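No hydrogens, no waters, no symmetry mates; every other heavy atom, side chains included, goes into these values. Keep in mind that this is a model prediction, so the values were computed, not measured.
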Amino acid sequence: MLEPWQWAAALALALVAGTVSGISGFGAGLMLSAYLLPILGARVTVPVLAVAMVLTNAGRVWAFRDVLSLRVALPVLAGVLPGALAGSYAFGALGGPWADLIVGGFLIVSVALRRALAGRAVAATPRALAVGGGITGLLSGITTGAGMLLIPLLLGAGLPARALIATDAFVSGSMHLARVAGYAAGGVLGPDLVLLGLALGAATVPGSRAAAWIVARIPPWRHVVALEALVVLIGALTVCEAVAAMTGR
């Protein structure tokens with residue numbers, strides 16, 4: 001687990017991550033995973049962040065509760081919830097190096113994927129929302145950062161900006177809650193990891209105000225590029241460590 005100074009650094013990063021994710025539309029989980037992966041490994045980091053993201057998204061739902069669209073959220077949840085349960089339960093069967101390899105690889109791919117999906121939408125029929133939700137939930141259960149796939153689905157529903165934030169937060173929070181249940185059932189989420197996840201999640205909730213003065217002084221495009229570079233770097237290091245562990249080098 002974390003040393004006291006690592007706890008302090010993680011909580012401070014969570015404050016900033018809450019703000020960055022509010023401005024860039026992504027980043028809280030990726031920033032925290034970039035910090036935690038080299039310390040804890042994927043097998044610990046992924047379930048911890050699932051707990052944290054439940055609280056992060058709950059804070060957003062509360063802030064934008066007046067524009068939440070259940071009409072759009074419910075079809076997505078029909079696919080997301082079983083997908084997340086299946087993916088997170090399967091994650092429990094992965095060995096440490098395999099978990100690191102999958103998570104590290106997806107972190108690298110996630111940057112290109114985010115850029116490819118930026119501004120795009122998927123035709124929002126109930127079937128498309130459910131199928132897309134199922135794929136997103138499955139990938140999210142196995143790795144971290146897959147929640148960004150929800151954005152094209154919700155864009156296709158024609159939601160205005162505030163409603164998009166609220167609905168994405170509601171679906172994402174529910175998905176992470178299903179992941180928590182799957183990780184617990186798979187035996188990879190003990191009470192100590194739940195405590196760490198709750199602490200990190202709680203720290204992200206007031207992050208938008210606590211760190212706003214820092215982010216206001218950084219051009220949004222610049223901190224997004226820096227975050228993407230960090231994600232790719234940590235993903236590459238994680239993959240290299242996983243390959244070394246698997247090959248005995």
- prompt: Out of curiosity, Thr45 OG1 to Leu37 CG, how far, rounded to the nearest 0.5 Å?
  reply: 4.5 Å

message: Under the rule for ring-ring contact (aromatic ring centres under 6.0 Å, His included), what residues qualify as partners of Phe170, not counting sequence neighbours?
response: none

task: Answer yes if Leu11 and Ile39 sit in the same cluster of Ile, Leu, Val, Met, Phe, Trp and Tyr residues linked by side chain heavy atoms under 4.5 Å apart, and no otherwise.
output: yes

message: Could you report the tightest heavy-atom contact between Ala42 and Pro47, atom names first, then the distance?
response: O-CD, 4.0 Å

task: Examine Ile142 and Leu189 and state if one hydrophobic cluster contains both, with Ile, Leu, Val, Met, Phe, Trp and Tyr joined whenever side-chain heavy atoms are less than 4.5 Å apart.
output: yes

query: Is the backbone of Thr167 close enough, under 3.5 Å, to the side chain of Ser69 for a donor and an acceptor to pair up by distance?
result: no

query: Between the side chain of Arg43 and the main-chain N/O of Gly92, is any donor-acceptor distance below 3.5 Å?
result: yes

task: Hey, could you give me the CG/CG distance between Leu13 and Leu36, rounded to the nearest 0.5 Å?
output: 8.0 Å

- request: State the CG-CG distance between Leu150 and Asp168, to the nearest 0.5 angstrom.
  value: 5.5 Å

- prompt: Where is the tightest heavy-atom contact between Gly141 and Phe91, given as atom of each residue plus distance?
  reply: O-CB, 3.6 Å

- prompt: Do Leu129 and Leu77 belong together in a cluster built from hydrophobic side chains that touch within less than 4.5 Å?
  reply: yes

message: Please report the interatomic distance CG(Leu193) to CG(Leu40), rounded to the nearest 0.5 Å.
response: 8.0 Å

query: Could you state the interatomic distance from OG1 (Thr143) to CG (Leu49), rounded to the nearest 0.5 Å?
result: 10.5 Å

message: If you count heavy atoms of other groups shown closer than 6.0 angstrom to CZ of Arg65, is the number above 12?
response: yes

message: If you compare all heavy atoms of Leu200 against all heavy atoms of Ala52, which two are closest, and at what distance to 0.1 Å?
response: CB-CB, 4.0 Å

message: For a quick test of reading the model, state the closest non-hydrogen atom pair linking Gly132 to Leu153 and the distance between them.
response: C-CD1, 3.5 Å

statement: Closest non-hydrogen contact found for Ser172 with Asn57 is CB-OD1, 3.5 Å

message: Between Tyr183 (side chain only) and Val48 (backbone N and O only), is there a donor and an acceptor less than 3.5 Å apart?
response: no

message: Nearest 0.5 Å, please: how far is CE in Met175 from CG in Leu138?
response: 11.5 Å

field: Sequence neighbours excluded - ring pair (Phe, Tyr, Trp, His ring centres under 6.0 Å) pairs with any residue from residues 125-165
entry: none

message: To check you understand the geometry: which heavy-atom pair defines the closest contact between Ser140 and His176, and what is its length?
response: OG-CE1, 4.2 Å

List the atom pairs, with distances to 0.1 Å, where a side-chain N or O of residues 81-88 and a protein N or O form a donor-acceptor pair under 3.5 Å, not counting sequence neighbours.
{"residue": "Ser88", "atom": "OG", "partner": "Ala84", "partner atom": "O", "Å": "2.7"}
{"residue": "Ser88", "atom": "OG", "partner": "Leu85", "partner atom": "O", "Å": "3.1"}

Within one Ile-Leu-Val-Met-Phe-Trp-Tyr cluster: Leu139 and Tyr89, side-chain cutoff 4.5 Å: no

Within one Ile-Leu-Val-Met-Phe-Trp-Tyr cluster: Met53 and Val44, side-chain cutoff 4.5 Å: yes

